[in-house]
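Data first, discussion second: the structure below is written as structure tokens.
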Amino acid sequence: MPELPEVETVRRGLSARLTGRRIARVHLARADLRWPIPSGFAQALTGRRILSFARRGKTILMRLEAGQTALWHLGMSGRLRLSAAGEAPPPARHEHVVLETDDGARLGFVDPRRFGSLDLLATASEADHPRLAALGPEPLDEGFTPAVLEVALRGRRTAIKAALMDQRVIAGLGNIYACEALFRAGISPRRSAESVRGARAARLAAAIRATLEEAIAAGGSSLRDWRQTDGALGYFQHVCKVYGRAGEPCERCPGPRACRGIAAIVQHGRTSFYCPRTQR
DNA sequence: ACTGTTACCTGATTGC
DNA sequence: TGCAATCAGGTAACAG
């Protein structure tokens, strides 16, 4: 499930619980997820202290001593579950990786579909990692302005919806929040990306930011100690305004009679939800 | 270079 | 109830 708000919520949970801890043990139940786990992964982590957790797009960067960074990507079905010393987490299928820290905490990476990935960055620079280096601007950074969005979209002849999901254009949006941001901005997912300029780009930039911030706030406030009862970090029921609501009236139309209902169309193999009356 | 399609995996849900 | 078909929030390899 995880798009930027979920990943950011997971990051905060990890940070609150694991910053400063030393990794005592790494157990790999298999050698690959989406890609092979780097051969030196367990060795690079074992015995090292965790300095901090950062995030770039949907990737969590676990900063370690000696300039090492472990990259965690949850893919589509990945989740992390954390338990404290003495807690015995219920057995979970598809738990592929387990870390144990010096204070007895246990972090398990569960990912049924295995679209997630683990990677290792041995230098301090994200520019040295091809997938991170290719990512577009970070939408919650101060530098994410309408002008930056406009430049990112310039010359893109694809639909704005597809552009927003392209991580090279902007980092962190997936299908849900691309739909929600476009609804908020009143822009049709079918409009061409390059036609989103000027006031439209300004509306979209603001809508992206507000949508993500609201979702993060909802996730943060709904999780006590950043964990659900099963120890899973960072998942929450975000209330969507258009995603998954095909046929329902949208909240911006004056009434059910005015609204033709939220439409679902397939673009680039993904379902887009939008209100054809208020999104142009 | 850009754009769209397909494949990768398992599980939940829908339809017959 | 059972079983098959369909769909799922991500990404990159590939074809045109």
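So that the names make sense, note that chain A is the first sequence line, chain B the second, and so on, each numbered from 1. No hydrogens, no waters, no symmetry mates; every other heavy atom, side chains included, goes into these values.
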Inset, instruction - Counting heavy atoms from C-beta on, name the nucleotide in B:dT10, C:dG10, C:dA8 closest to the side chain of A:H94. - result: B:dT10
Legend entry - Side-chain N,O (A:K58) to OP1/OP2 (C:dG9) below 4.0 Å: no
Inset, instruction - Please check if the side chain of A:R245 supplies one atom and the backbone of A:C240 the other of a donor-acceptor pair under 3.5 Å. - result: yes
Inset, instruction - Could you walk me through whether A:I50 and A:L14 pass side-chain contact (heavy atoms from CB on, under 4.5 Å), step by step? - result: CA-CA 10 Å; A:I50 300 170; A:L14 292 172; over 6 Å; no
Inset, instruction - Round to the nearest Å and state the distance from A:L33 atom CG to B:dA7 atom C1'. - result: 17 Å
Inset, instruction - Nearest whole angstrom, please: distance from the P of C:dT11 to the CG of A:D111. - result: 12 Å
Legend entry - A:F115-B:dC8 aromatic stacking (under 5.5 Å, under 30°): yes
Legend entry - Distance-only donor-acceptor test, A:R34 side-chain atoms vs C:dT11 base atoms, 3.5 Å: yes
Legend entry - Strand partner of C:dG9, provided both Watson-Crick or wobble distances fall under 3.5 Å: none
Inset, instruction - Would you mind reading off the distance between A:M165 atom CE and C:dG9 atom C1', rounded to a whole angstrom? - result: 8 Å
Inset, instruction - Could you check A:R113 against A:R131 and say which one's nearest nucleotide on DNA chain C is further toward the 5' end? - result: A:R113
Legend entry - Distance, C1' atom - from C:dA12 to B:dG11, rounded to whole angstrom: 23 Å
Legend entry - Within 45° cone and under 6.0 Å: A:R252 NZ/CZ vs A:F183 ring: yes
Legend entry - Out of C:dA12, C:dG9, B:dT3, whichever nucleotide has its closest atom nearest the side chain of A:E3: C:dG9
Inset, instruction - Please check if any side-chain donor atom of A:R280 sits under 3.5 Å from a side-chain acceptor atom of A:S188, or the reverse. - result: no
Inset, instruction - Report yes if a side-chain nitrogen or oxygen of A:R93 is closer than 4.0 Å to either non-bridging phosphate oxygen (OP1 or OP2) of B:dT10; otherwise report no. - result: no
Inset, instruction - Mind checking A:G269 for me? I need base, sugar-phosphate or nothing, with any heavy atom below 4.0 Å counting as a touch. - result: nothing
Inset, instruction - Using atom CG of A:D166 as one end and atom P of B:dT3 as the other, report the distance to the nearest whole Å. - result: 9 Å
Inset, instruction - Rounded off to whole Å, could you give me the CG-to-P distance for the A:L135 and C:dA12 pair? - result: 9 Å
Legend entry - For atom CZ of A:R114 and atom C1' of B:dA7, their distance in whole Å: 14 Å
Legend entry - P gap between B:dT5 and C:dC7, integer Å: 15 Å
Legend entry - Distance below 4.0 Å between A:Y243 side-chain N/O and C:dG9 OP1 or OP2: yes
Legend entry - Rounded interatomic separation in angstrom, taking CG from A:L173 and C1' from C:dT11: 15 Å
Legend entry - Heavy-atom side-chain proximity of A:D166 to A:R156 below 4.5 angstrom: yes
Inset, instruction - Provide the Watson-Crick or G-U wobble partner of B:dG4, both distances under 3.5 Å; none if there is no partner. - result: C:dC14
Legend entry - Side-chain N,O (A:Q167) to OP1/OP2 (C:dT11) below 4.0 Å: yes
Legend entry - Connected via hydrophobic side-chain network under 4.5 Å: A:L120 and A:L80: yes
Legend entry - Distance between P atoms of B:dT6 and C:dT6 (Å, rounded): 15 Å
Inset, instruction - Round to a whole Å and report the spacing from CD of A:Q267 to P of B:dT3. - result: 14 Å
Legend entry - A:Q267 and A:S272: side chain donor to acceptor below 3.5 Å: yes
Legend entry - Euclidean distance for P, C:dT11 against B:dA12 (whole angstrom): 22 Å
Legend entry - A:R157 side-chain proximity, nearest of C:dT11, C:dA8, B:dT3: B:dT3
Inset, instruction - Looking only at side-chain atoms of A:T158, point me to the closest of C:dT11, B:dT3, B:dG11. - result: B:dT3
Inset, instruction - Under 4.0 Å between any heavy atoms, over every strand shown, what does A:R270 touch: base, sugar-phosphate, or nothing? Just pick one. - result: base
Inset, instruction - Name the nucleic acid region contacted by A:T271, choosing base, sugar-phosphate or nothing; use a 4.0 angstrom heavy-atom cut-off, strictly under. - result: sugar-phosphate
Inset, instruction - Report the nucleotide, chosen from C:dG9, B:dT3, B:dG11, that has the shortest atom-to-atom distance to any side-chain atom of A:I176. - result: C:dG9
